[in-house]
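Working notes, structure below.
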Amino acid sequence: MLSLPFNVSQLLSQAGAMFPTGPMDIAFYAVAFIIIVTAILTVVVRNVLQSAVFLIFSFLVTAILYLLLHAEFVALAQVMVYVGGVVIFVVFTILLTSHLGEDAFNVRIPKIFAACTLSLAFAFVMIRCILPVKELATVTTTAPADYSSLHNFALRLLGYGADSFIIPFEVVSVLLLMTLICAITVARKGKGEK
């Protein structure tokens, strides 16, 4: 009989300690995997429009990662600034300046299969969000009672103190304005060349 120099059960217990397998951990692994796949597809895909769509999915899944980390404001800012602002302007610019939108989405998989898969995934996420999560229900908050009130949130977001966020707020608004101006400029140049 061949004896192994290590114990298999001991190795599995050490692997379990290194990679936790709770429900939140599995959700983190799934979200991280989707982020990596969509980021790779953003770079690898040859069509610019499809690359922008994969970038949108990458940003949306990053927002889900922020929600898993209980950073709701950062997730909301991620969706509003990156998905709702920058990437949508990039997609508009691509569609206005080129003919990529005409034949960009010649999908090889059947549309019914894709629609059913996306519908089931969406239904699973909605059901999972409606059902109570044991880990979230047992978390005790250490913040003061009025810490997350709308009044305090507005004062911290638009205040001028050392712990306020008025400068990042204004930088984001200037970034969105610059993106909008660039998208309009590129679209006008594309129409003028015709």
Side-chain angles (χ1 to χ4, degrees), residues 11-45 50-91 109 113-159 162-173 175-176 179:
L11 184 66
L12 288 175
S13 66
Q14 288 176 353
M18 287 186 343
F19 299 105
T21 57
M24 296 298 280
D25 299 319
I26 293 172
F28 172 78
Y29 297 143
V31 167
F33 177 75
I34 294 171
I35 289 174
I36 291 170
V37 168
T38 53
I40 290 172
L41 287 174
T42 300
V43 177
V44 171
V45 171
Q50 289 178 348
S51 177
V53 170
F54 283 123
L55 185 63
I56 290 172
F57 282 123
S58 178
F59 285 153
L60 282 174
V61 179
T62 305
I64 294 172
L65 178 66
Y66 290 142
L67 286 175
L68 287 175
L69 297 173
H70 302 289
E72 290 85 7
F73 175 71
V74 179
L76 182 64
Q78 172 84 10
V79 171
M80 287 175 55
V81 173
Y82 289 107
V83 177
V86 176
V87 179
I88 296 300
F89 288 140
V90 169
V91 170
I109 59 173
F113 175 73
C116 290
T117 304
L118 288 174
S119 300
L120 289 174
F122 182 73
F124 174 75
V125 169
M126 289 296 106
I127 291 171
R128 185 70 184 141
C129 289
I130 291 172
L131 296 175
V133 179
K134 181 181 173 186
E135 289 82 12
L136 294 178
T138 58
V139 172
T140 58
T141 58
T142 58
D146 61 346
Y147 179 76
S148 61
S149 69
L150 186 59
H151 178 71
N152 290 339
F153 182 74
L155 287 177
R156 184 129 190 242
L157 181 64
L158 301 174
D163 61 344
S164 63
F165 295 101
I166 188 67
I167 301 296
F169 186 79
E170 291 300 326
V171 167
V172 165
S173 64
L175 174 69
L176 288 174
T179 309

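This structure is a prediction, so every number in the text was calculated from the model and none was measured.
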Checklist entry - Under the ring-ring contact (aromatic ring centres under 6.0 Å, His included) test, which residues partner Phe59, sequence neighbours left out? => result Tyr82
Checklist entry - Counting N and O atoms only, with roles assigned by atom type, does the side chain of Ser173 sit under 3.5 Å from a partner on the main chain of Glu170, one being a donor and the other an acceptor? => result yes
Checklist entry - In chain order, what residues pass the side chain to side chain contact (heavy atoms under 4.5 Å, CB included) check against Val74, with sequence neighbours excluded? => result Tyr66, Ala71
Checklist outcome for this item: Between Ser51 and Thr42, the two heavy atoms sitting closest are OG-O, 2.6 Å
Item to check | Interatomic distance, Leu60 atom CG to Leu55 atom CG [nearest 0.5 angstrom] | outcome: 10.0 Å
Please tabulate, one pair per line, all N/O donor-acceptor pairs under 3.5 Å involving side-chain atoms of residues 116-123, not counting sequence neighbours.
{"unit_1": "Thr117", "atom_1": "OG1", "unit_2": "Phe113", "atom_2": "O", "d": "2.7"}
{"unit_1": "Ser119", "atom_1": "OG", "unit_2": "Ala115", "atom_2": "O", "d": "2.7"}

Pairs under 3.5 angstrom only: tabulate donor-acceptor contacts from the side chains of residues 30-40 to other protein residues two or more places apart or in another chain.
{"unit_1": "Thr38", "atom_1": "OG1", "unit_2": "Ile34", "atom_2": "O", "d": "2.8"}
{"unit_1": "Thr38", "atom_1": "OG1", "unit_2": "Ile35", "atom_2": "O", "d": "3.1"}

Checklist outcome for this item: Sequence neighbours excluded, the answer for ring-ring contact (aromatic ring centres under 6.0 Å, His included) partners of Phe54 is none
